Number of protein chains: 2
Amino acid sequence: MPRLLRGNHTAAGNADLTARFAEWQRLGFDPTQCPVRDVLDRIGDKWTTLILIVLATKPCRFSEVQRMVPDISKRMLTQTLRDLERDGMITRHVYPTKPPSVEYALSPLGQSILVPLAGLVAWAESCHAGIKRARERFDAAGQKK
Amino acid sequence: MPRLLRGNHTAAGNADLTARFAEWQRLGFDPTQCPVRDVLDRIGDKWTTLILIVLATKPCRFSEVQRMVPDISKRMLTQTLRDLERDGMITRHVYPTKPPSVEYALSPLGQSILVPLAGLVAWAESCHAGIKRARERFDAAGQKK
DNA sequence: CCGAATCCTTTTCGATACTG
DNA sequence: CAGTATCGAAAAGGATTCGG
């Protein structure tokens, strides 16, 4: 197991999660009540995480973000930025120039999610090769059916 | 800021992410190449995380998992379990009884993702109230338009 | 009991055209 | 420049039925 993932957290992570599970179960996993559902639904969408990381490099204007994330459509960029603003993760400042320019930046809340996000990114990068190997094995075994 | 989120990781999380961003950008964010896309696409779906946490409490049979996660359909349970097995996150053992029983359990890889996941869960729980307040403020401000 | 197969609804996302 | 509005394709997800 990679160095980053060992240590005293291995057991703690498990214990924490299983302890809270009963509580979520009691609430019926209601997405409007369950923080985990709520947060995962957002960072699980196609662009949110990427935009957060872009804004982590520096505050950006609308079209700057679009240049940094080549494939995003204007529609999705607008929508994702507004959702992030609504959740208090980013700030939006309009400079009354002509034509107008708008700058987006991470709020303290947005900054703070980068920490657990970085943990997940580290896990993804260190385990991705293993996942791909597992997939190949699985698919190869399936062929023999 | 909650205790769990302070400390020497606050800056490191940011630096790590921005450093890697350039590399992902160079690869065109290809989902088949980018570990982060690949991992987030999975844990971002509706059931994967929940099932991982269920199996973290103990190995379970198919119908046990279904009982623990009330709203999941058989179709999605089957599919999510197979995807997790394919990625090497869980193991599947068939006991040749009659009728057959099948037991699912976390693999070491599946265990290891619980660590970064627990970090995200902790963040979600400690920040969810703030997010909800931000939403109310945003929506209230929007009314005045 | 475990799951495959089918059908259908909902959600998400992209393309395009238009506005202040 | 920074969006909005509308449309349609595609994917995800749910309900139901069937089979080993």
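None of the values given here were measured: they were computed from a predicted structure.
Using a cutoff of 4.0 Å between basic side-chain nitrogens and carboxylate oxygens, Arg92(B) and Glu103(B) are not scored as salt-bridged. No salt bridge links Arg61(A) with Glu64(A); every basic N to acidic carboxylate O contact stays at or beyond 4.0 Å.
Within the structure, every side-chain polar atom (N or O) of Arg75(A) is placed at least 4.0 Å from both OP1 and OP2 of dC13(C). OP1 or OP2 of dA2(D) has at least one side-chain nitrogen or oxygen of Ser63(A) nearer than 4.0 Å. Contact annotation: Arg92(A) reaches the phosphate of dG3(D) (side-chain N/O to OP1 or OP2, under 4.0 Å). Taking 4.0 angstrom as the limit, Tyr104(B) places a side-chain polar atom (N or O) nearer than this to OP1 or OP2 of dG3(C).
Taking the side chain of Phe62(B) as heavy atoms from C-beta on, and the options dG3(C), dC13(C), dC1(D), the nearest nucleotide is dG3(C). Across dG20(C), dC13(C), dC2(C), the shortest atom-to-atom separation from the side chain of Pro100(A) is found for dG20(C). When each of dG14(D), dC13(C), dA4(C) is scored by its nearest atom to the side-chain atoms of Thr78(B), the top-ranked nucleotide is dA4(C).
Remark: P of dA12(D) and CG of Leu40(A) are 17 Å apart, rounded to the nearest angstrom. Between Glu64(A) atom CD and dG3(D) atom P the separation is 13 Å, expressed in whole Å. Going from atom CE of Met76(A) over to atom C1' of dG3(D) covers 15 Å, rounded to whole Å. If you take CG of Leu77(B) and P of dA4(C), they are 11 Å apart, rounded to a whole angstrom. Put simply, OH on Tyr95(A) is 15 Å from C1' on dC1(D), counting in whole angstrom units. Between the CG atom of Asp45(A) and the C1' atom of dA12(D) there is a distance of 14 Å, given to the nearest Å. Between the CD atom of Gln66(B) and the P atom of dG14(D) there is a distance of 12 Å, given to the nearest Å. Rounded to whole Å, the distance from CZ on Arg42(A) to C1' on dT11(C) is 14 Å.
Judged purely by distance below 3.5 Å, without hydrogens or angles, the side chains of Thr48(B) and Asp45(B) pair a donor atom with an acceptor atom.
Positionally, the nearest nucleotide of DNA chain D for Lys74(A) lies more toward the 5' end than for the other of Lys74(A) and Lys74(B). Of the residues near DNA chain C, Lys46(A) and Pro99(A), the one whose nearest nucleotide (by heavy atom distance) lies more toward the 5' end is Lys46(A).
Enclosure of atom CZ in Arg135(B) by more than 12 non-hydrogen atoms of other residues, nucleotides or ligands within 6.0 angstrom is indicated.
The CD atom of Gln33(A) lies 5.5 Å from the NZ atom of Lys132(B); values are rounded to the nearest 0.5 Å.
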